[in-house]
Amino acid sequence: MIIAIDFDGTICQNEYPGIGALYADAKKVINQLHEDGHYIIIWTCRENERLLTAVNWLLENGIKFHRINDHQPENLAKYGGNTRKVYAHLYIDDKQVGGLPSWDEIYENVLVMTMEYNINKQKPVSK
């Protein structure tokens, strides 16, 4: 699955324009999702120098990702355009309804969603 993960307030404490402390288990879970084969997109409103600072912070902290604020190349080719909203099967954000669960809860939810996604992906499309 493609998973878009917000930066400020989700991976790290929200101290924008600075960068807060890494949330407990965020690195462990994000890296496990990456290892599980998910396509990880970091999704942030940061731009220019603040974006570069965030990218360097992610790299320095060993957090694995594929893209930042950009689509998976297969989707760009498939849909022929680059919209402002990053396409994902799942969005992880501290502003989501109900707030941000613990990273361990997020991982458990992703496991369930992955099973459902894989089952639905195998179903024939009806016309």
Side-chain angles (χ1 to χ4, degrees):
M1 289 192 323
I2 301 169
I3 302 174
I5 305 172
D6 179 42
F7 183 72
D8 293 291
T10 303
I11 297 173
C12 61
Q13 294 176 9
N14 191 352
E15 294 182 13
Y16 185 87
I19 297 176
L22 178 65
Y23 275 121
D25 298 323
K27 175 183 175 178
K28 174 189 81 171
V29 171
I30 294 168
N31 287 350
Q32 185 61 56
L33 292 170
H34 189 279
E35 294 299 316
D36 290 350
H38 296 288
Y39 195 90
I40 305 298
I41 298 173
I42 304 301
W43 184 35
T44 180
C45 292
R46 290 174 177 263
E47 58 184 358
N48 304 319
E49 280 299 312
R50 290 183 177 141
L51 179 58
L52 181 59
T53 300
V55 170
N56 288 333
W57 184 91
L58 290 162
L59 295 172
E60 290 165 5
N61 281 282
I63 297 173
K64 298 178 182 179
F65 59 93
H66 295 92
R67 299 256 180 199
I68 295 188
N69 291 340
D70 200 8
H71 298 274
Q72 180 188 44
E74 292 173 14
N75 280 330
L76 287 174
K78 182 177 179 179
Y79 298 109
N82 193 353
T83 62
R84 289 182 352 147
K85 181 178 178 183
V86 173
Y87 173 81
H89 299 107
L90 172 65
Y91 299 87
I92 301 172
D93 192 320
D94 61 308
K95 302 296 186 201
Q96 66 193 26
V97 174
L100 186 69
S102 74
W103 276 97
D104 287 332
E105 290 174 285
I106 289 170
Y107 186 74
E108 293 300 319
N109 287 330
V110 172
L111 289 178
V112 170
M113 292 179 78
T114 301
M115 287 188 298
E116 292 170 357
Y117 172 79
N118 288 332
I119 288 169
N120 289 329
K121 197 167 71 169
Q122 295 173 6
K123 290 181 181 177
V125 177
S126 58
K127 292 183 180 183

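Bear in mind the structure is a predicted one, so any value in this text is a computation, not a measurement.
One distance of note links CD of Glu74 with CD of Gln72; it measures 4.5 Å at 0.5 Å rounding. Rounded to the nearest 0.5 Å, atoms CZ (Phe7) and CG (Asp93) are 13.0 Å apart. With rounding to the nearest 0.5 angstrom, the NE2 atom of His71 is 10.0 Å from the NZ atom of Lys85. Note that CG of Leu90 and CD1 of Ile106 are 9.0 Å apart. Values are rounded to the nearest 0.5 Å. Here the straight-line distance linking atom CG of Leu52 with atom CG of Asn48 works out to 9.5 Å at 0.5 Å rounding. A distance of 10.5 Å separates NE2 in His89 from OG1 in Thr114, rounded to the nearest 0.5 Å.
Side-chain contact check for Glu108 versus Asp104: every heavy-atom pair is 4.5 Å or farther apart. Contact check for Leu58 versus Ile42: side-chain heavy atoms found under the 4.5 Å cut-off. Counting heavy atoms from C-beta outward, Cys12 and Trp57 have side chains that approach closer than 4.5 Å. Phe65 has its side chain out of reach of His34: every pair of non-hydrogen atoms, C-beta onward, lies at least 4.5 Å apart. Within the 4.5 Å cutoff, side-chain heavy atoms of Val55 are placed close to those of Leu51. For the pair Asn69 and Thr44, the minimum side-chain heavy-atom distance is below 4.5 Å. Residues Met113 and Met1 meet the side-chain proximity criterion, which asks for heavy atoms closer than 4.5 Å. Between Lys28 and Trp103 there is no side-chain heavy-atom pair separated by less than 4.5 Å.
Residues Ile5 and Ile19 are members of one and the same hydrophobic cluster, defined by side-chain heavy-atom contacts under 4.5 angstrom among Ile, Leu, Val, Met, Phe, Trp and Tyr. Under a hydrophobic clustering in which Ile, Leu, Val, Met, Phe, Trp and Tyr are joined whenever their side-chain heavy atoms come within less than 4.5 Å, directly or via other members, Ile63 and Ile3 fall into the same cluster. A chain of hydrophobic side-chain contacts below 4.5 Å, direct or via other Ile, Leu, Val, Met, Phe, Trp or Tyr residues, connects Leu33 to Leu59. Hydrophobic clustering places Leu100 together with Ile40 (ILVMFWY residues linked when any side-chain heavy atoms are closer than 4.5 Å, directly or through intermediates).
The shortest non-hydrogen separation linking Asp6 to Ile11 is O-CG1, 3.4 Å. The two residues Ile92 and Gln96 make their nearest non-hydrogen contact at CA-OE1, 4.0 Å. In this structure, Ile2 and Ala88 approach most closely via the heavy-atom pair O-CB, 3.5 Å. Of all heavy-atom pairs spanning His38 and Val110, the tightest one is NE2-CG1, 3.9 Å. Gly18 and Arg46 get closest at one heavy-atom pair: O-NH2, 2.7 Å. Taking both residues in full, the closest heavy atoms of Ile30 and Lys64 are given as CG2-O, 3.5 Å, listed atom of the first, atom of the second, then distance.
Residues meeting the side chain to side chain donor-acceptor pair (under 3.5 Å) test with Asp36, sequence neighbours left out: Gln32, Tyr107.
Ring planes of Tyr91 and Trp43: tilted class, angle from 30 to 60°.
A donor-acceptor pair shorter than 3.5 Å can be found between the side chains of Tyr16 and Arg50.
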